[in-house]
Every structure is written in C-alpha cells, then in structure tokens.
Amino acid sequence: MNREDFPLAEQTNYLDNGATTQKPIQVIERLNRFYLNENANVHRGVYKLSQLATEAYENSRTAMAHFIHCDTDEIIYTRGTTESINLAAFSFVEPLVKKGDEILISHMEHHSNIVPWQLVCERTGAVLKVIPVNDSGDLELVQLDELLTEKTRFLSLTHISNVLGTINPIKEIIAKAHKKGIPVLIDGAQAIARTSVNVRELDADFYAFSGHKMYGPTGIGVLYGKRTLLETMRPYQSGGDMIRRVTLEKTTWNDLPYKFEAGTPNIAGAVGLAEAVKYLEKAGMDNIEEYEQELLNYAEEKLKAIEGLKIIGDPQKRAAVLSFTLGDAHPHDIAHELSIKKIAVRAGHHCAQPLMNRFKVPATTRVSLGLYNTKEEIDLLVEALPEIREKFKL
Ligand code: PMP
C-alpha cells in the first residue's frame, strides 16, 4: 500500500472514503491507455479496436469474478450500488411479492437500500419490515427469528453501516434466512474495499457494490447474483445488447450477464475497475483490513479523549468509519472549519435519515478511513477539533 500511488490523497487529508475513494495512478493511467489505444464499442465490431475493447471489458468481468469468488456470468455491470439494488428489486423481488407479503431491511440502511423497497411495496401492497438497531449500533438479532416470518419474501441488508461502521454478521443472518427459504441481498458498498468478500462462502443470493468506493472509477458497479436466480429474472432495462433476436412482434433475451446490460456499457469504467481490483489484490485485502483496524483503534482512542465529543454507537465489530457529534457545534460547521485546515470529512445525514432519527441526531460528522490514510492525518483532525468546539460553544 503506497500513499504515493494516490496523487489526490497525497495533497489532501482525505477522510471521506465512505463517500468515495481517491484513485491510484495505476487506475488513472489505465483509463488513459484505454482511450488512447483501445477505445471502440464492445460486442459489435469485427475490427481490431472493437476486439481490443471487448477483450478489455470482458477481462474486467473475469477479474471481478475472481475477486469476489463467483462465475464470470454472475457479474452484472451496473452504474453502482444504487442501480444494482434497483435492478434486484425490479427484476427479482417485485414479481415475487403480492399484497401482504413482507420485505425485511434494517434500521441502519442507506437510502438506496430503503427507497427501492418502499416503491416495490407501494406497487405490490407488500409490507416493509425493519430489523431494529440497539444503542450500540448493532442489529437487534434476537428479534430476527420473529421478523423472518412465513410472509417474508426477501431480506436486504448492509454488510457495513456507512454511518456507524458496524460490521454485520451477514453469514449467520443469511444462513438463518435461508433456513426459511428467504433469499438475501447484501449491500456491500462499504465492505468491498475494507474486507475480503467471498460471495460463495457467504452464500449471498445478491451482493451489490460500487466501483468508486473501491479505488475505481465512478459510474460503474456490480450486482452479483446467483446464476440460478439471474436466469429466471425479467430484464431491468431493454434495448441493444440484451437481446438475442428481435422481430417487430417478439424479442428473446440474450444470455447472462448481457440480459441485464442494455445499451453501451461503461467500458472504460469496467477497464479502470479491473485495475483497481488488481491494486487491491496486490495490496491484499487482509493487509488492508488489518491496517484500517489499526488506524480505527488509534482514531477512536484519540477522539474519545476529546471533551464534548460523542462517538455514535459502539458496535461489537466496527470498520474504519466513525460518526460523532461535538458539543454544540453543527456538523456542517465542523466540516467547514476542518476544510479550512485541509481536512476532508463528511457532515450530514449520510443518506441514512432513519438511522439519524434512531439516534436522535439531525446530522453527524463522519470520518471514514482508507488504505492511504495515516496516523498523522488523524492527529491533525484531533488537534483541530477542540478549537472548533470552543468556537461554536453556545
Ligand atoms: N449503500 C451504502 C451502505 C453506501 O454507503 C452507499 C454510498 N454512500 C450506497 C449504498 C450508494 O452507493 P452509490 O451512490 O455508489 O450507488
């Protein structure tokens, strides 16, 4: 892991990796190389450039399948986590549910793992149920058995909370749901760059994530789905590439994964993402996890010692994401003052308003660490905060 590989991380004290990550030079240069030498549309031309582009695009899918341990045709490229969840909601869950059926999520979900399910419920008459979160920021799993009823048709749950950092015991939860025949989608947006993910071992039915949160480009993400499920699903969007044969009367669908990739995909995005995967594999996900835990412990200890600072939640297992409040200072003022000192943190509701309500805070300041962050950057943050607290004392 080389901080020097990340030009923007080097110039800024960037502590907002939960929102997006900075990109290593290897990814940036790969994008350049693609546009300089390989750019053409995929799956169409017989000419050399199109073959190069197709090869690069499909090699990316193979690299991604290797990274999360599944088959190549189980990787659907999307725009990101949000689109991946919407795809699963529309193509798999909506046709499955009817009035009175239940869809289960948790109280710590990002809006993108809440709103698609609300819309499915609105259109079908299904009911949205919620696994509660306790004061520590852990799921109330004692209630899980009661919440997984004979009416439950689907469970959609985050792997790691983007606000609290909670690492949910998803393997156990998936096993419980499967015992009752309930399929599970995992929102892996915050997990994919922080821990090694093996979808086979987890036995996840769907796993969704974004390229831009794993040191790759924006506008590209993944929906992993078990082939047996993907094969039965209706298409999400329609148009070119997702068809096998079109007549004006009837159209048949292409094979997986193309059935779910209508239109020209984000070819360069996929190629850049493969380079990010290569980077992560070389660094080693276990090394990244260990390093981020070390940074997290350091940050937690130092932040806790600041008078008036309250970290939200104290989950059993936490990834390198910490949300806090500081005396009377509004999180936006905190983030603004830190920005003046060239420290980038996030302030707001973090697209998790139900969780904010649960903890009775309108907003928090969030520090989310990445593989290039340092203890020196945490020191800068910790030095700045008491000053800010004093400035905004009521
Ligand atoms: N889920 C979680 C847990 C997230 O943290 C995010 C991004 N903040 C998303 C979903 C949405 O990801 P994207 O905006 O890349 O679609």
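What's counted below: heavy atoms across the whole structure, side chains too, no hydrogens, waters or symmetry copies. Order of listing sets the numbers, starting from 1, for every ligand and every atom in it. In this chain, numbering begins with 1 at the start of the sequence shown.
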TODO: Please determine, by modelled atom types, if Tyr215 and Asn17 share a side-chain donor-acceptor pair under 3.5 angstrom.
DONE: no
- [ ] Measure the distance from atom 5 (O) of ligand 1 to every protein heavy atom, then report the residue, atom name and distance (to 0.1 Å) of the closest one.
- [x] Gln190 NE2, 2.7 Å
Open item on the list: Testing the 3.5 Å rule here: is there a donor-acceptor pair between the side chains of Thr78 and Tyr236?
Closed with: no
- [ ] Quick one: look up the protein heavy atom nearest atom 4 (C) of ligand 1 and list residue, atom name and how far away it is.
- [x] His110 CD2, 3.4 Å
Open item on the list: In this structure, does ligand 1 have an atom that sits under 4.0 Å from one of the heavy atoms of Ser112?
Closed with: yes
- [ ] Specify whether His111 and His349 have parallel, tilted or perpendicular ring planes, treating 30° as the upper limit for parallel and 60° as the lower limit for perpendicular.
- [x] tilted
Task: Distance from atom 3 (C) of ligand 1 to nearest protein heavy atom, with residue and atom - done: Asp187 OD2, 3.5 Å
Task: Lys213, any N or O under 3.5 Å of ligand 1 N or O - done: yes
Task: ligand 1 versus His212: contacting region, heavy-atom distance under 4.0 Å - done: side chain
- [ ] Taking atom types as modelled, find out whether Thr54 and Gln51 have a side-chain donor-acceptor pair closer than 3.5 angstrom.
- [x] no
Open item on the list: Keeping Asp187 on the side-chain end and Ala189 on the backbone end, is there a donor-acceptor pair under 3.5 Å?
Closed with: yes
TODO: For atom 13 (P) of ligand 1, state which one of Ser210, Gly188, Gly80 supplies the nearest heavy atom.
DONE: Ser210
Task: Nearest non-hydrogen protein atom, atom 14 (O) of ligand 1 - done: Thr82 OG1, 3.8 Å
Task: Under 3.5 Å donor-acceptor, Asn373 side chain and Tyr14 backbone - done: yes
